[in-house]
Structures are given as structure tokens and as C-alpha cells.
Amino acid sequence: MTNNIIDKTPLAYAYPLLIKNLLANSLRQFPDQDVVYGDFKRQTYREMGERIHRLASGLTGLGVKPGDTVAVMDWDSHRYLECFFAIPMMGAVLHTVNIRLSPEQILYTINHAEDDVILVNTEFLPILETIRDRIEPVKKFVLLNDADQPPETSLNIDIEYEALLAASDPRYLFPDFPEDTRATTFYTTGTTGLPKGVYFSHRQLVLHTFGVLAAVAGSGQGHISRDDVYLPITPMFHVHAWGIPYIATVMGLKQIYPGRYMPDHLLRLIQREKVTFSHCVPTILQMLLASPVVDEVDLSHWKVVIGGSALTQTLAQQARARGVDVFTAYGMSETCPILTLAQLKPHMLDWDEERQLDIRCKTGLPVPLVELRVVDEEMKDLPHDGKTPGEVVVRAPWLTQGYLKDPRNSEALWRGGYLHTGDIGVIDKEGYLKITDRLKDVIKTGGEWVSSLELENLILKHPAVEEAAVIGVPDPKWSERPLALVVLKARQEASEADIKTLLQDFAAKGIISKYGVPEHVIFVDVLPKTSIGKLDKKMMREQYTTG
Ligand code: AMP
């Protein structure tokens, strides 16, 4: 290898990729652009910039130093956005606490991340009150309060956020430091074991911002431009709201932070603020489309990226019927998160709606800088034929480099030098990935792999079905057989035979193999879900494996 490392004249500035560099130009170029917090607050980027400086000064006054960890427990708010910038820009680590975990799990994450200061919304005080005595070491608490009156609490609050900002210097000098400095931390919400901490550096968040930006910036299907109005509907505590607040800020978009997610409130915000761009999990989209308010709202200018779980054709169709530009993204907590986006290629824009729908529901094409492979157990690439499934492994500049303080799981995540997603997928001739299962949820029957996601998608085509989950249960002859769990829509009926006939018809057309048709369909009132609303198949297997 020739040594072509560039020379640097001593005065040359090396320019670390820091989060502060994402902000500076936006504040200069779009000072009058709005950031809105539900019904509570409307401020400009100029004010946001000043408040970011005040927050950093205020936190310094509370003793926060570079390398410390500052936790936030809040719904999506303008304050949370300020924390997304100020805390990492000081050289501290932002811990976005998953407030949907149990109090015991929250306690574990706070102690494991070694939080030094906790910013807490009034609504989550009761959680901290119950675990306060076991939080190590003694923390400082900053209150995030929207009410006029301070709340009653036994927690020792050091100061309220607005009071902290009002008393703090609006000129904080954000330092330079190495771009590999840790910026954020949060915990994955797997259904097994303790939560695992993932972490991202400044460099990683900057490159994620620009990698995804390169894929989405533009006009037409699946693209966003300067005129878009952004409303996140995946929580800021979950994988930085998919990193999109950083992208929205770089682009200078009007941003709407909705507080707690309530379907009617979200729809009214979409209407009032003329929102054109969001992202959410399928459950939220389903709730929005089922709300009575939806008929009062024009969704025909709304682009919405769906991720976190598979987008079913039924749901995509419902959204398309209202003119929504709906398409899928794929990623995970470990991957910052975005790996792929299911935008249509230009030649697909002439396709009929049904073929387009198929693409929108795939998991997408890798965004720039993502190397994504589907491999067998020996890490050999599988053919891109749209039907040979294997594990999805990835490389990208923004993948967690390990699990926090957990070398054993870190090495397992990165075995062979690729991050193992634990997802099973296929890649088609056009290069689109489709996730067909989680590795641990995959059903193997008589040596054949059956995709639980595909079966669920097909069961949902029955007009009476509200939700469906398919799990593998042990079988003496076939080793495993699929079992379908179905929730019916209110006041609608369907029998086990109806569901089986539907699937047998798909098997007869060759859409699924005949081994895929379950012998049993169980009707249930609710399906167990994880803290972030995903189907909890581990729990289902435990419940339905016996008998
Ligand atoms: P989390 O780390 O909680 O964000 O969960 C990540 C997991 O969600 C992935 O490993 C996938 O199993 C699943 N997932 C995310 N996006 C999709 C998608 N578009 N389709 C199917 N599964 C998805």
C-alpha cells in the first residue's frame, strides 16, 4: 500500500464532524422558521438557537461537564429538540430515556448509563418518585412543566427548565472536540433480558443525517424539500426519532412537536400546521386512519415513512385511498436507525397502483453509504431473486460500535465484521430488501421456512380482521407449525374455517406454500405488545406453546 495520507499544514483546520455544525447554517439561513410545540409554544429557529445556548450555560451551572450524561424523560417537544443539540454540543452525552419501559427497567437504564442530571416532564414524576431511592448516585433533577403551577412531588427538583434558561447566559461557546465523542445513548427494548445500551458519536449522527438526506432530499414521490412541514410521530426517545429532527433542522423545515401522541390531536395538528411529512410505526398510522377526525383532514399532501414493523398492504391501501404518499423504512436501534427506504424508482412511477403498493410495502433500497447483504449461515451472499431468505447483515458509518459496557453481546452483534440485524429478508432483482421475519420468530416447518410476516399480511386481507400474529409452535412431525392469532374488528365475524380458506386460496395461487397454512386459528381480544407497541411474539410463544 502506498502511503497517500494527506499532508496537513499546521494551520489547516481538520473540521471534526460535530452536531454543532448541523445547526450553525440553519440558524443563519432560516432564523424566522417556526418550531411549534403542540398548543403550547411557537418559536423561531432564532429563539431556538438562543435557548440552546442558555440550556448549555444552565446545565454547566448545574455542574454538567464534558463526558457527563444528561437524561431526558419527555414526550416530543421543542425542549427535547433543544436537548438534541445542546447536550451533545457541550461534549456531554444525551440519554433519551424510554419512558414506556417499566419503572424497574427505567431505573436500570438510568443507573447503567450513569446519568448525572435528569430532565423530567411533570407526567413522569410518579415513575421517578417510586425509584428515587435506588438511583445512583444522587442526581440533579430539572423539571419540564407545561402547567402554570408547579406540580406536587416528593422528588427534590433543583430547577424548572424555563427558569433555568431565563437565568442562564445566551452566549455559550460550544467547544471543538474529536468527532468520535459519544453524543447519544439509549436502550434497546428487546423482549428478552435486560435492556441493552447503544451509543452514537457526533461523526455517526452527522453522517446519518447526510446519508439519509441524500436519499430523501428532492421532489416527487418519497422525497422532501424546503417547503415541507415536519411532524415526527416516532418518539424522540426511540432512536432519535429516527434522526429526522437533525435532518429537518439542516433543511430548515418548519417543525411541529406534538407532545404525547393522541390520534385526534395529531390529526388536528396536521390540519392546522399543514404538515406534509411524518414518520411512524404501522399501529399509529392505523390509529390515525381509524379516528373519526380523519374525515375532516386533507391527507393528500402527507408523506409518511413507516418503519419499526412491516407495513401491510391493507394499511398501505387505506392510506393510499386518502392520497397519502406512504412508504417503508427499515432499521433498528443499533443502526441509528435508517438503513433502507422504499422509494419508487423513476420507471416505477408509471406502474399501476397495485405494483407500486408492493414496492411501498417492501423494506427498501439501502441509503447511500449503507452496505447491506443477505447471507447464509457461512456469511455467503444469497441470490437477489426475491425469494431466497437469509440474515440481513450491514456496514455503514453510523452503526453502534457495540453495546454499552457489554463486550460479549457487542462481539456477537459484530461477528464476522458485519452488524447482524437478526432479521431475515430477501432482496429482489431491483435491489429492494423485504424483511420476512425476525431470526428468532422464523417458522421452520418440515425443513421449509415460512414467513410469519407474509402470513400476517395475507390474513389481514380478510375484511373482519383487525390484527394478526403468526407464531411457530412445536410439532412432533414437522418440528414446528404456524399458529395464527387473530383479533377481529368490533361487531365483525369470521370463523377459523374462513381464515384457513383465505390462506388456502393464496396457497392454491402459489403465493404461499401449502405448508404455510396453519391448522389452527385462535381468536383473541388483544395481542401482547412490547413497550414500543410491537407484537411480542416471545410472550405469545410462551402462552400458546403448552397445549
Ligand atoms: P428497534 O430496535 O426496536 O427499532 O427494532 C428494530 C427491528 O424492528 C428490526 O430489527 C426489525 O425486526 C423491525 N423492523 C424495523 N423496520 C421494519 C420494517 N420496515 N419491516 C419489518 N420489520 C421492521
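When a ligand or atom number is given, it counts from 1 through the structure's own listing order. We number each residue from 1, following the sequence as shown.
- Contacts between Met332 and ligand 1 below 4.0 angstrom, taking non-hydrogen atoms only, involve backbone and side chain alike.
- Here is the list of ligand 1 atoms found below 4.0 Å of a heavy atom in Ser333: 1 (P), 2 (O), 3 (O), 4 (O).
- From the protein, the heavy atom lying nearest to atom 10 (O) of ligand 1 is Asp423 OD2, 2.6 Å.
- Distances shorter than 4.0 angstrom do not occur between any heavy atom of Thr188 and any atom of ligand 1.
- For the pair Val374 and Thr388, the minimum side-chain heavy-atom distance is 4.5 Å or more.
- Shortest contact from atom 5 (O) of ligand 1 to any protein heavy atom: Lys534 NZ, 2.7 Å.
- Below 4.0 Å from some heavy atom of Ala310 lie the following atoms of ligand 1, by number and element: 20 (N), 21 (C), 22 (N).
- For atom 4 (O) of ligand 1, the closest non-hydrogen atom on the protein side is His238 NE2, 3.2 Å.
- At least one heavy atom of Gly331 sits less than 4.0 Å from an atom of ligand 1.
- Residue Thr363 has at least one heavy-atom neighbour below 4.0 Å for each of these atoms of ligand 1: 18 (C), 19 (N), 20 (N).
- Between Arg541 and Asp441 a salt bridge is recorded (basic side-chain N to carboxylate O distance below 4.0 Å).
- Distances below 4.0 Å separate heavy atoms of Thr328 from the following atoms of ligand 1: 19 (N).
- In this structure, Phe200 has its ring center closer than 6.0 angstrom to the ring center of Phe186.
- Residues Tyr187 and His95 have side chains that never bring a donor and an acceptor to within less than 3.5 angstrom of each other.
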*In sequence, state the C-alpha distance, the side-chain angles, and the governing distance for His208 and Tyr246, and then conclude on ring pair (Phe, Tyr, Trp, His ring centres under 6.0 Å).*
CA-CA 9 Å; His208 180 269; Tyr246 289 122; 8.8 Å; no

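- A salt bridge does not link Glu334 with Lys196: every distance from a Lys NZ or Arg NE/NH1/NH2 to an Asp or Glu carboxylate oxygen is 4.0 Å or more.
- Classified by interplanar angle (parallel below 30°, tilted 30° to 60°, perpendicular above 60°), the ring pair His347/Trp351 is perpendicular.
- For atom 13 (C) of ligand 1, the candidate residues are Gly308, Gly422, Ser309; the nearest heavy-atom contact is made by Gly308.
- For ligand 1, the atoms closer than 4.0 angstrom to any heavy atom of Ala329 are 16 (N), 18 (C), 19 (N).
- Test Tyr80, Tyr37, Phe124 against Trp75 for ring pair (Phe, Tyr, Trp, His ring centres under 6.0 Å) and you get one pass: Phe124.
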